[in-house]
Amino acid sequence: MSQREILVTSALPYANGDIHLGHLLEYLQTDMWVRFQNARGNMCTYVCADDTHGTAITLRAEKEGITPEQLIDRVHGEHYQDFQDFLIKFDNYYSTHSDENRELAELIYKRCKEGGFIATRDVKQAYDPEKGMFLADRYVKGTCPECGAEDQYGDNCEVCSATYAPLDLKDAYSVVSGAKPVEKSSEHFFFKLPEFQGMLKEWTRSGTLQPEVANKLAEWLDGELLEWDISRDAPYFGFEIPDAPGKYFYVWLDAPIGYMSSFKNLCERRADLDFDHYWKKGSTTELYHFIGKDIVNFHALFWPAMLDAADFRKPNAVNVHGYVTINGEKMSKSRGTFITARTYLDHLDPEYLRYYYAAKLNDKVDDMDLNFDDFVQRVNTDVVNKLVNIASRCQGFIGKFNDGKLAAELPEPQMYADFVAKSEEIAERFEARQFSAGVREVMALADRANEYIQAQAPWKLAKEEGKGDEVVAVCSQGINLFRVLLTWLTPVLPNMAAKAQSFLNVADLNWGSIEQPLLDHQLGKFEPLMQRVDGKAVAKMLEANKPAEAEKPADKPKKKAKKEKQAPETPDVIDFNDFVKVDLRVAKVVKCDHVEGADKLLSVTLDVGELGERHVFSGIKACYQPEDLLGKNVVLVANLAPRKMKFGMSEGMILASGDDKNISVVMPPEGAKPGDRIS
RNA sequence: GGCUACGUAGCUCAGUUGGUUAGAGCGCAGCACUCAUAAUGCUGAGGUCACUGGUUCAAUUCCAGUCGUAGCUACCA
């Protein structure tokens, strides 16, 4: 078998927060896959880094009273320690705030520019005059213009789910300084993504992505792609764009380049790795990115397009996973299920989580539920009761009857061969990231090993005179089967494997080495390979993680609002008081026009008598021309919260009956007076 | 509203191009065993494969719709 050269990455964690169990699904999945590749004899390199740039880093550092550099240094240390303690074995864990990353970002930008893939134009944005900086949507807060909810972010309202521009907020203020933001224009650089539409359409369907991910991206690719804004104005923590003083690369531009720079940094101290060999166009090496479903567009649209533009190779595949839910629900701080890596490690063994994730992971994008009752049962039963038990129940007899030495031949060589023959099948599962299927097969064989021992009942033979050799034979069979099973699980349980290795007294646990059983072989000392998960420790962890009552954040309004939407409180029958809340008015159409660029909408200006004039958009174009309505009376819901739409504000709703295709606007008689209440 | 997924035993999940009585592990009940970190083995109960229609000789599997879940998105006022 020729050795594959593989480079693997996990998404770069952002340097402003702790690693939690959701992150770990990705790093553990990747680590297990990399360890598996290496155990199979391939040359697989795993690099990652902290993602260190952007406004959030600046603000976080400011809040802590330190510099961004100090912040990212500290967080880098914390992240790295967390990963190490979870037995995640990076070849390099670097930082995007590095010389290599600056050089590569500049190089890629330069090549994009030379290729004509960079556009320039002005962008209007909210600006904090006090702080002297532009504000992304989430740094502007204010009162929702639709429903009046206070303290909403600049892009949408968590209460009524309206969308709007930051400066539409009433009483808008900068989250950074509290100042009232103003609109300001500035020149931005754009990456001409549309130029790569054809390439991306093909690339996303060429086996690089799971089908469901490719389907998702087709939503963008079948429409018009937009140019991607890749610059930010000073002050910004990041890399300044060459020949553009005061302009910085947007954090998402240099973040994926961090994969390259981490590898480049590694190459400088590893003679067996060559940067160009892995990254030049047409490279024969393999490149895989493991990411979560939230950042698919960055990795499967922008990133391959940028690589293409800059004349580098593209990834062989982007492997996307779903989110982790805890006990069936989203991770939540108030429920104590927002569990950081460190909190977990304070109470539980990392290999429990490694095994549990492996036992449930597949190659799909579905979310994975971490159910702690299931977790305890699954780990204890599979790993301790089944797998470890095989070694544990056999080793005593071999010690007693043969001084810890295995028999010179196996009583059931065919059975051993049958086990080994499963190697390829299991390898295929792991290769395809169907860890759960692989683990299931391993455990099914563990069952067979226990059945065998049960049927042979060495403890009975041990009581019979002169059957010592038989006892040793049966238990040697058991130990050898254990060795095979464990070898397969080495990528999942590296610590346990190391302990078992010293018990088995072997130099390594590679897939190749199990072809031959251990015969006439002296075993080392047996020590318990893994302790059971203690349910109480799990409970303690959840308890420790719950915030103190005082700092408990209120339940997210977003979720509440959503629930109400789906299961409206409104009963089928409403009482009179509910009805009168709706302010229905006679309104006269004084102006009615087509809306340029809109397929369904008409723009309608209404005279509502005492309430003055109102402007609404109405989705009735399919059945009405502007002149059909001009001068007619219609029914307006006058106290409906205004809503920002693509083409402007809509300040009410015109009643109509029918469905999308057959619309009849409700019209009061001509004689009705504009502004009259309808009741 | 639209789009993309998903909805199979109490729990976690398999179900290959539609083909007989729908599988596994855990959990549960009973029995056996006592070497093993109270582990193991055997037997068993448990499912209108979300719901409703359709295509077909035949549908968990294909199609349409409904409901529910997750995410994205909007020209819903």
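Each chain gets a letter, A, B and so on, in the order the sequences are listed, and its residues count up from 1. Scope of the values below: all heavy atoms of this structure, side chains included, with no hydrogens, waters or symmetry mates.
For A:Ala359 and A:Gln454, each mapped to the nucleotide of RNA chain B holding its nearest heavy atom, the one lying further toward the 5' end belongs to A:Ala359. Summary of the strand contacts: A:Asp382 and A:Pro528 both lie near RNA chain B, and taking for each the nucleotide with the nearest heavy atom, the more 5' one is attributed to A:Asp382.
Comparing B:A36, B:A5, B:C33 against the side chain of A:Lys460 picks out B:C33 as the nearest. For A:Arg440, counting side-chain heavy atoms from C-beta on, the closest listed nucleotide (B:G41, B:A14, B:U37) is B:A14. Comparing B:A36, B:G71, B:U12 by their closest approach to the side chain of A:Lys360 singles out B:U12. Checked against B:A14, B:U34, B:A5, the side chain of A:Glu212 finds its nearest nucleotide in B:A5. Picking from B:A5, B:G41, B:C26 the nucleotide with the shortest atom distance to the side chain of A:Glu451 gives B:G41. Relative to the side chain of A:Thr381, the nucleotides B:A36, B:G27, B:G41 differ in distance, and B:G27 lies closest. Closest approach to the A:Asp367 side chain among B:A70, B:A14, B:U34 is made by B:A70 (side chain taken as heavy atoms from C-beta onward).
Within the 3.5 Å criterion, the main-chain N or O of A:Lys422 finds no donor-acceptor partner in the side chain of A:Glu441.
Between A:Phe419 and A:Tyr416, a ring centre-to-centre spacing not shorter than 6.0 Å is recorded. For an aromatic pair to be called close, the ring centres must be under 6.0 Å apart, and A:His615 with A:Phe617 satisfies this.
The nearest whole Å value for the distance from the CG atom in A:Leu601 to the P atom in B:A74 is 14 Å. Straight-line distance from the CG atom of A:Asp447 to the P atom of B:G25: 7 Å, rounded to whole Å. A:His321 has its NE2 atom 16 Å from the P atom of B:G71, to the nearest Å. The nearest whole Å value for the distance from the NZ atom in A:Lys463 to the C1' atom in B:C33 is 10 Å. Counting to the nearest Å, the P atom of B:G27 and the CE atom of A:Met443 are 13 Å from each other. The CD-C1' distance, from A:Gln434 to B:A14, rounds to 11 Å in whole Å. B:U40 atom P lies 8 Å from atom NZ of A:Lys386, rounded to whole Å. Straight-line distance from the CZ atom of A:Arg378 to the P atom of B:A14: 11 Å, rounded to whole Å.
Residue-level contact check: A:Val388 touches the bases, meaning some heavy atom is under 4.0 Å from a base atom. Residue A:Met530 is classed as a base contact, given a heavy-atom separation below 4.0 Å to a base. The residue A:Ile453 sits apart from the nucleic acid: no heavy atom pair falls under 4.0 Å. Within 4.0 Å of A:Ser436, counting heavy atoms only, lies no atom of the nucleic acid at all. Using a 4.0 Å heavy-atom distance criterion, A:Val384 is classed as a base contact. Nucleic acid contact for A:Asp373: none, since no nucleic acid atom lies under 4.0 Å from a heavy atom of the residue. Contacts of A:Ser618 with the nucleic acid, taken as non-hydrogen atoms under 4.0 Å apart, involve only primed sugar atoms and P, OP1 or OP2. Heavy atoms of A:Lys293 sit under 4.0 angstrom from primed sugar atoms or phosphate atoms, though from no base atom.
With both ends at atom C1', the span from B:G19 to B:C62 equals 14 Å, rounded to whole Å. A distance of about 13 Å separates the C1' atoms of B:G46 and B:A22, rounded to the whole Å. Annotation: B:G47 and B:G41 have their P atoms spaced 25 Å apart (nearest Å). B:A39 and B:A32: their C1' atoms are spaced 15 Å apart (whole Å). Across the P atoms, B:U12 and B:A70 are found 15 Å apart, a figure rounded to whole Å. B:U56 and B:G10 have their P atoms separated by 35 Å, with the value rounded to a whole Å. Comparing the same atom, P, in B:U37 and in B:G23 gives a spacing of 37 Å after rounding to whole Å. Nucleotides B:C35 and B:A45, compared at atom P, are 32 Å apart to the nearest Å.
For the OP1/OP2 pair of B:C26 and a distance below 4.0 Å, the side-chain nitrogens and oxygens of A:Asn385 include no atom meeting the criterion.
In summary, the side chains of A:Gln454 and A:Arg393 do present a donor paired with an acceptor at a separation below 3.5 Å, with no hydrogens or angles considered.
Counting only heavy atoms from C-beta outward, the side chains of A:Met530 and A:Leu493 approach each other to under 4.5 Å. Using a 4.5 Å heavy-atom cutoff, the side chains of A:Ile339 and A:Leu542 are in contact.
Looking at A:Asp382 and A:Arg378, a side-chain N of the basic residue comes within less than 4.0 Å of a carboxylate O on the acidic one, giving a salt bridge.
For B:A36, its base sits under 3.5 Å from the side chain of A:Asn389 at one donor and acceptor pair at least.
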Pairing of RNA chain B as dot-bracket, 5' to 3': ( ) intra-strand, [ ] crossing, | other strand, . unpaired, with Watson-Crick or G-U pairs under 3.5 Å? (((((((..((((.....[...)))).(((((.......))))).....(((((..]....))))))))))))....

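In this structure, SG in A:Cys475 is found 10.0 Å from CG in A:Leu406, a value given to the nearest 0.5 Å.
Minimum heavy-atom separation, A:Asp349 to A:Tyr344: O-OH, 2.7 Å.
Under the 30°/60° scheme for interplanar angles, the aromatic rings of A:Trp228 and A:Phe302 are found to lie parallel.
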